[in-house]
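Both ligands and their constituent atoms are indexed starting at 1 by order of listing.
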Amino acid sequence: AMRHLPYFCRGEVVKGFGRGSKELGIPTANFSEQVVESFPSDISTGIYYGWACVGNGDVHKMVLSIGWNPFYKNIKKSVETHIIHTFKEDFYGEILSIVIIGYIRPEKNFDSLEALISAIQEDIEEAKRQLDLPEHLKLKEDNFFHLPQGKIVNNH
Ligand code: ADP
Ligand code: MG
């Protein structure tokens, strides 16, 4: 799971398939199919943490899920970012920049909505702890977030 990390990515936020993430209090900003296709095809599905920024805005902690996209009968992946920040408004159509830094866990099926929500809350706490480590804080200041037109250079 770690081989491709850190992974830098930038793309437009598109409408998802209404799994009701926002209703659970954990909205996820979805990348377009085109951006998802540009990911390494062997990147593991599961939950990751990293940094994210909308447009030229501030850089925030995030948790990210790479999963199988039910809209495409689970043959394509979806990449969804939950930014650990409260936004005043939705930001569909804006450019989301992220760096994926670490892996938390594989995808799981949950017996109940409560179990799902509490797992995500644990993921968020784990992301917050990890991202406070000096080696991870460094990436928050990366030029990638300050130069919107900057070239994306991943480590492969
Ligand atoms: P969709 O199925 O369209 O992705 P969601 O319920 O997952 O709908 O909500 C995602 C949208 O919520 C994002 O595209 C964004 O515009 C908005 N949003 C507001 N706050 C956040 C946040 N903290 N993290 C991610 N998206 C957010
Ligand atoms: Mg979503």
Side-chain angles (χ1 to χ4, degrees), residues 1 5-41 43-133 136-137 139-142 144-146 148 152:
L5 307 184
Y7 189 79
F8 293 86
C9 174
R10 184 159 19 237
E12 193 182 336
V13 176
V14 302
K15 196 95 188 112
F17 24 82
R19 283 201 288 210
S21 317
K22 207 178 289 172
E23 286 70 24
L24 304 184
I26 29 179
T28 59
N30 293 50
F31 277 126
S32 67
E33 190 193 328
Q34 192 188 340
V35 171
V36 176
E37 298 268 287
S38 71
F39 271 61
S41 58
I43 199 164
S44 304
T45 60
I47 311 300
Y48 295 79
Y49 61 84
W51 297 104
C53 137
V54 178
N56 303 321
D58 294 338
V59 181
H60 300 288
K61 294 174 176 178
M62 62 80 162
V63 288
L64 173 119
S65 117
I66 300 180
W68 294 106
N69 190 329
F71 188 79
Y72 293 101
K73 301 196 161 91
N74 301 326
I75 56 166
K76 290 188 178 183
K77 283 173 181 164
S78 72
V79 177
E80 307 186 19
T81 304
H82 172 67
I83 304 173
I84 306 173
H85 176 75
T86 304
F87 290 87
K88 288 199 198 79
E89 290 174 340
D90 286 351
F91 44 85
Y92 290 109
E94 299 230 35
I95 300 299
L96 174 65
S97 300
I98 64 169
V99 55
I100 309 171
I101 300 177
Y103 189 72
I104 300 179
R105 62 169 174 87
E107 282 190 292
K108 268 187 272 184
N109 286 317
F110 293 94
D111 297 334
S112 67
L113 204 55
E114 289 70 31
L116 169 65
I117 293 171
S118 76
I120 296 169
Q121 278 160 356
E122 281 170 31
D123 296 336
I124 290 171
E125 291 312 311
E126 174 68 5
K128 285 181 180 170
R129 275 194 299 273
Q130 289 289 337
L131 290 163
D132 279 335
L133 299 173
H136 296 150
L137 270 169
L139 279 164
K140 183 183 186 184
E141 310 302 331
D142 197 278
F144 175 69
F145 290 117
H146 302 300
I152 298 181

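Looking only at heavy atoms of the protein, atom 26 (N) of ligand 1 is closest to Phe91 CZ, 3.4 Å. Among all non-hydrogen protein atoms, the one lying nearest atom 8 (O) of ligand 1 is Tyr92 OH, 3.3 Å. Residue, atom and distance of the protein heavy atom nearest to atom 23 (N) of ligand 1 are Ile83 O, 2.8 Å. Closest to atom 17 (C) of ligand 1, if we only count protein heavy atoms, is Asp90 OD1, 3.4 Å. Protein heavy atom nearest atom 21 (C) of ligand 1, with residue, atom name and distance: Pro27 CG, 3.5 Å. Scanning the protein for heavy atoms near atom 9 (O) of ligand 1, the closest one is Lys22 CE, 3.3 Å. Protein heavy atom at the shortest distance from atom 10 (C) of ligand 1 is Thr28 O, 3.2 Å. Nearest to atom 4 (O) of ligand 1 among the protein's heavy atoms is Asn30 OD1, 2.7 Å.
At least one test fails for Lys76 against the ring of Trp68: distance under 6.0 Å to the centre or angle within 45° of the axis. Both tests pass for Arg10 against the ring of Phe144: distance under 6.0 Å to the centre and angle within 45° of the axis.
Side-chain contact check for Lys15 and Tyr92: at least one donor-acceptor pair (N or O, by modelled atom type) lies under 3.5 Å.
Remark: Glu141 engages His146 in a side-chain contact (heavy atoms from CB on, under 4.5 Å) (not counting sequence neighbours). For Phe31, there are no ring-ring contact (aromatic ring centres under 6.0 Å, His included) partners, not counting sequence neighbours.
The shortest N or O to N or O distance between Phe87 and ligand 1 is not under 3.5 Å. Ligand 1 has no nitrogen or oxygen under 3.5 angstrom from a nitrogen or oxygen of Glu89. At a 3.5 angstrom cut-off on N or O pairs, Glu23 does not count as close to ligand 1. Residue contacts with ligand 1: Val14 is placed with no nitrogen or oxygen under 3.5 Å of a nitrogen or oxygen of the ligand (distance criterion only).
Atom numbering of ligand 1 starts at 1 in the shown order; those under 4.0 Å from a heavy atom of Lys15 are 3 (O). Within the listing of ligand 1, atoms 2 (O) sit less than 4.0 angstrom from a heavy atom of Phe17. In summary, the atoms of ligand 1 found under 4.0 Å from a heavy atom of Gly16, numbered by their order in the structure, are 1 (P), 2 (O), 3 (O), 4 (O).
Side-chain atoms of Lys77 come within 3.5 Å of backbone N or O of Ile43 as a donor-acceptor pair. Checked by atom type and distance alone, the side chain of Lys61 pairs as donor or acceptor with a backbone atom of Lys128 at under 3.5 Å.
Of the candidates Asp123, Ile66, Ile124, Asp123 is the only one forming a side-chain contact (heavy atoms from CB on, under 4.5 Å) with Ile47.
Looking at Thr81 against ligand 1, only its backbone comes within 4.0 Å, counting heavy atoms. By the criterion of a heavy-atom distance under 4.0 Å, the side chain of Val13, and not its backbone, is placed next to ligand 1. Residue contacts with ligand 1 for His85 involve N, CA, C or O but no side-chain atom from C-beta outward (heavy atoms, distance under 4.0 Å).
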Less than 3.5 Å apart, which donor and acceptor atoms pair up between the side chains of residues 83-90 and the rest of the protein, not counting sequence neighbours?
{"residue": "Asp90", "atom": "OD1", "partner": "Lys22", "partner atom": "NZ", "Å": "3.3"}
{"residue": "Asp90", "atom": "OD2", "partner": "Lys22", "partner atom": "NZ", "Å": "2.9"}

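Protein atoms of type N, O or S found under 2.8 Å from the Mg ion (ligand 2) total 3.
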